[in-house]
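All ligand and atom numbering here is 1-based and tracks the order in the structure.
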Amino acid sequence: MGSNRSLAGRFHQAAAILEITGANAFRINAVARVAGILEDLPADLDAESAAVSRLVKIDGIGKSSAEKIHEFVTTGTITEFDTLRDGIPAGLIDVLALPGLGPKTVRALWEQGGVTDLASLESKIDAGELASIPRMGPKTLSNIKEAIEFSRRSAGRIRIGKALPLAESIVERLAGTPGTTRIAYAGSLRRGQETIGDVDVLVASGDPGPATESLTTHPGVEKVLLSGRTKTSVRLKEGVQVDLRVVPEEQFGAALLYFTGSKQHNVRLRELAISRSMRLNEYGLFPDDGSPEPPQDRGVKPVASRTEEEIYEALGLRLLPPELREEAATGSWANVEQLVTAPAIRAELHAHTTESDGSMSLQELIEQARSRGFHTLAVTDHSKSSVQANGLSVERLLAHAARVREANARYPDITVLAGSEVDIMADGTLDYEDEVLAQLDWVIASPHSSLRQDPATATRRLLKAITHPLVHAIGHPTGRIINGREGLNPDLGELCAAAREHRTALELNANPARLDLRDAHVRLAMEHEVLVTVDTDAHQPEDFDLLRYGIGTARRGGLTRAACPNCWEAADLMD
Ligand code: DGT
Ligand code: CA
Ligand code: CA
Ligand code: ZN
């Protein structure tokens, strides 16, 4: 999956390292050019297409590059590049990536200034240690500092799958501190956004000291960025910033509402408050007495401030779930009671076993699904063209399906469907013949290769799969990887219209690296009355826990239980 992209990445990185170590320009260019060629190949390389004899026929790829490519495809590493990388501090790659910093400068910073990564670069600038290096005037140094801050702000968004566990461990740690009566994470994380800029944590306590100290002494903290009485910011070693605010218990609801955002939602609520002769801020909802001075500073008693519910209620609204507090969704209270929830999910319709690239035996997979209280499980291993995922030949598929049906007969409390995750080829045809697919209970069709097609081709490709009479659902329809690969960009409106007509479901893959369909797509699917399955695509037991990320995205998209087959009763699903 996506091996060309990671392969190209290795060549790009090698070119950068060669630049830093001062290799000759000819060699650097050759390596960089191969990286470009790899990015543009139409299909992912496999052991066959990456044979050295075939690769050298590609213009720009010489014998030594061909051997490296072959090594990567067959072993997953390139020994020569690993050696190259071990020759410089790992953090120098990030320094090179800063806008305006060329390899010669990085080399000077490293050799003459002892800079090894972004953190040491920043601290050495602050300490004035780099001023003696040629061409490092005050202006240049301050530009570099700005670039570091910018890269942290813009490129620093991390996947929710990484941010949420970090936030939960911090919340758990701080919850035990003396004086802390309430604690929650807020911000984009609470709204379930797919990427997170920084983690916002809110504590209610009469004494900010203990919670603050608990955060700053957290073993994962790399640097304390700011330490005030009620506001503290730290950077974790993972590169994530955590903002902690400590507020009095009676203001917790107002603070939680404010710091959950979104900013646009806050603006809307504030406007609504004004229209009702009130003032809303992070301290509470106050009567508007006409004074320009902040009401909380004048001892004005708030109308509501202790809980979010009270504040919404005082504004004449019902509580809006955090996932819906984006600008576009403000006011969409209509479906709130009908939205999908994690406990409402009763079926996993996309899961893998050791037969293809999963780590669970069929029995283990079934036990996992049973332990989650599911009434239905679809076993969907990969099809034959997914060679890298050990996809099943027709013979293996049919034998596997027979074993799945046998197993199903042994478990009266769960229905185990014999299925497949069949590749959608570049032209939209499927990886198995119809007569093979017709023998299965459940067919997911997914794109795994040729994920850089132009939108029109991608639309045609996916439409072909959606309108195929034997396909039940389209798996991770765009194939994107968050922070990794853009994936296909088909005309979702067209896909939804066809999906509705042919009653083909579109999947929301819950893996936090995918979240595909994304929230906006789910919203579009809801408008078109298309069914959306929420599946974890489990490859190992822990993957079942990824469901919550899919639920967050589904709720952001307004997905109702009625439109989500995983929430249906077993009998309706079988229908
Ligand atoms: P992020 O961290 O970039 O993923 O996104 P958020 O939404 O977590 O944003 P963040 O961390 O800057 O601030 C947290 C919340 O605080 C934000 O969602 C709303 C509130 N907030 C922060 N600054 C402002 C502001 O200037 N105006 C308003 N209305 N609200 C703000
Ligand atoms: Ca935030
Ligand atoms: Ca923040
Ligand atoms: Zn899968």
Student: Looking only at atom types and distance, does a side-chain atom of Asn408 sit under 3.5 Å from a main-chain N or O of Val404, one as donor and one as acceptor?
Tutor: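 No: the side chain of Asn408 does not pair with the backbone of Val404.
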Student: Kindly report the OD2-the Ca ion (ligand 2)-O angle for Asp200 and Asp198 respectively, rounded to 10°.
Tutor: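 The angle at the Ca ion (ligand 2) comes to 100°, rounded to the nearest 10°.
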Student: Determine yes or no for a side-chain-to-main-chain donor-acceptor pair under 3.5 angstrom, with Asp94 supplying the side chain and Leu118 the backbone.
Tutor: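 Here the side-chain-to-backbone pair does not exist.
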Student: Taking only Lys NZ, Arg NE, NH1 and NH2, and the carboxylate oxygens of Asp or Glu, determine whether Glu507 and Arg514 approach each other closer than 4.0 Å.
Tutor: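 No, Glu507 and Arg514 are not salt-bridged.
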Student: Give a yes/no verdict on whether any heavy atom in Leu189 is under 4.0 Å from an atom of ligand 1.
Tutor: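 False for this residue.
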Student: Could you pull out, from Phe259, Tyr258, Tyr185, the option with a heavy atom nearest to atom 21 (N) of ligand 1?
Tutor: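 That would be Tyr258.
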Student: If we only count N/O pairs under 3.5 Å, is Arg157 in contact with ligand 1?
Tutor: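 There is such a contact, yes.
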Student: Which atom name would you report as the N, O or S atom of Glu421 nearest the Zn ion (ligand 4)?
Tutor: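 It is OE1, the N, O or S atom of Glu421 closest to the Zn ion (ligand 4).
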Student: Any N/O/S atom, backbone or side chain, of His539 lying under 2.8 Å from the Zn ion (ligand 4)?
Tutor: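 No, His539 does not qualify, because none of its backbone or side-chain N, O or S atoms lies under 2.8 Å.
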Student: Do any nitrogen or oxygen atoms of Ile196 come within less than 3.5 Å of a nitrogen or oxygen of ligand 1?
Tutor: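 Min N/O separation from ligand 1 is not below 3.5 Å for Ile196.
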Student: Mark yes or no for whether Thr181, through its side chain, and Ala204, through its backbone, hold a donor-acceptor pair below 3.5 Å.
Tutor: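 Judged by distance alone, yes, a pair lies under 3.5 Å.
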Student: Examine His476 and say whether one of its N/O/S atoms is closer to the Zn ion (ligand 4) than 2.8 Å.
Tutor: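 Checking His476: none of its N, O or S atoms is under 2.8 Å.
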Student: Looking from the Zn ion (ligand 4), what is the angle between NE2 on His350 and OD1 on Asp537, to the nearest 10°?
Tutor: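 The two atoms form an angle at the metal of about 80°.
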Student: Against heavy atoms of Gly187, which atoms of ligand 1 measure under 4.0 Å?
Tutor: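 The list of qualifying atoms is 8 (O).
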Student: For ligand 1, note which part of Asp198 has a heavy atom under 4.0 Å away: side chain, backbone, both or neither.
Tutor: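 It is both backbone and side chain that touch ligand 1.
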Student: Per the side-chain contact (heavy atoms from CB on, under 4.5 Å) rule, which among Leu365, Asn390, Leu392 passes with Glu355?
Tutor: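 When side-chain contact (heavy atoms from CB on, under 4.5 Å) is applied between Glu355 and each of Leu365, Asn390, Leu392, only Leu392 qualifies.
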Student: Between Arg191 and Asp519, does any side-chain N to carboxylate O distance fall below 4.0 Å?
Tutor: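 Salt bridge flag = no for Asp519 with Arg191.
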Student: Less than 4.0 Å between a side-chain N and a carboxylate O, is that true for Glu222 and Arg235?
Tutor: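 A salt bridge links Arg235 with Glu222.
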Student: Does Thr533 use its side chain to pair, donor to acceptor, with the backbone of Asp535 at less than 3.5 Å?
Tutor: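 Side chain of Thr533 to backbone of Asp535: no pair is present.
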Student: Go through the side-chain N and O atoms of Glu421 and His476 and say whether any donor and acceptor fall under 3.5 Å apart.
Tutor: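 A donor-acceptor contact under 3.5 Å links the two side chains.
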Student: Hey, does the side chain of Arg555 reach the backbone of Val340 with a donor-acceptor pair shorter than 3.5 angstrom?
Tutor: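 Yes, because the side chain of Arg555 sits within donor-acceptor range (under 3.5 Å) of the backbone of Val340.
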Student: How does Thr260 reach ligand 1, by side chain, by backbone, by both or by neither, if only non-hydrogen atoms under 4.0 Å count?
Tutor: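 Within the 4.0 Å criterion, Thr260 contacts ligand 1 through backbone atoms alone.
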Student: Any atoms of ligand 1 less than 4.0 Å from a non-hydrogen atom of Asn266? List them with their elements.
Tutor: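 Checking each atom against Asn266, I get 19 (C), 20 (C), 29 (N), 30 (N).
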Student: Ignoring hydrogens and geometry, is there a side-chain-to-backbone donor-acceptor pair from Ser169 to Leu166 under 3.5 Å?
Tutor: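 A pair under 3.5 Å: yes.
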Student: Find all atoms of ligand 1 within a distance of less than 4.0 Å from any non-hydrogen atom belonging to Asp200, and give their numbers and elements.
Tutor: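 Answer, ordered by atom number: 8 (O), 11 (O), 14 (C).
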Student: Please work out which of Arg191, Arg190, Glu326 has its closest non-hydrogen atom nearest to atom 7 (O) of ligand 1.
Tutor: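 Of the listed residues, Arg191 has the closest heavy atom.
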Student: Touching ligand 1 at all, His265? Heavy atoms, strictly under 4.0 Å?
Tutor: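 Contact check His265 vs ligand 1: negative.
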Student: Does Gln264 have a non-hydrogen atom less than 4.0 Å from ligand 1?
Tutor: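 No; Gln264 lies far enough from ligand 1 that no heavy-atom distance drops under 4.0 Å.
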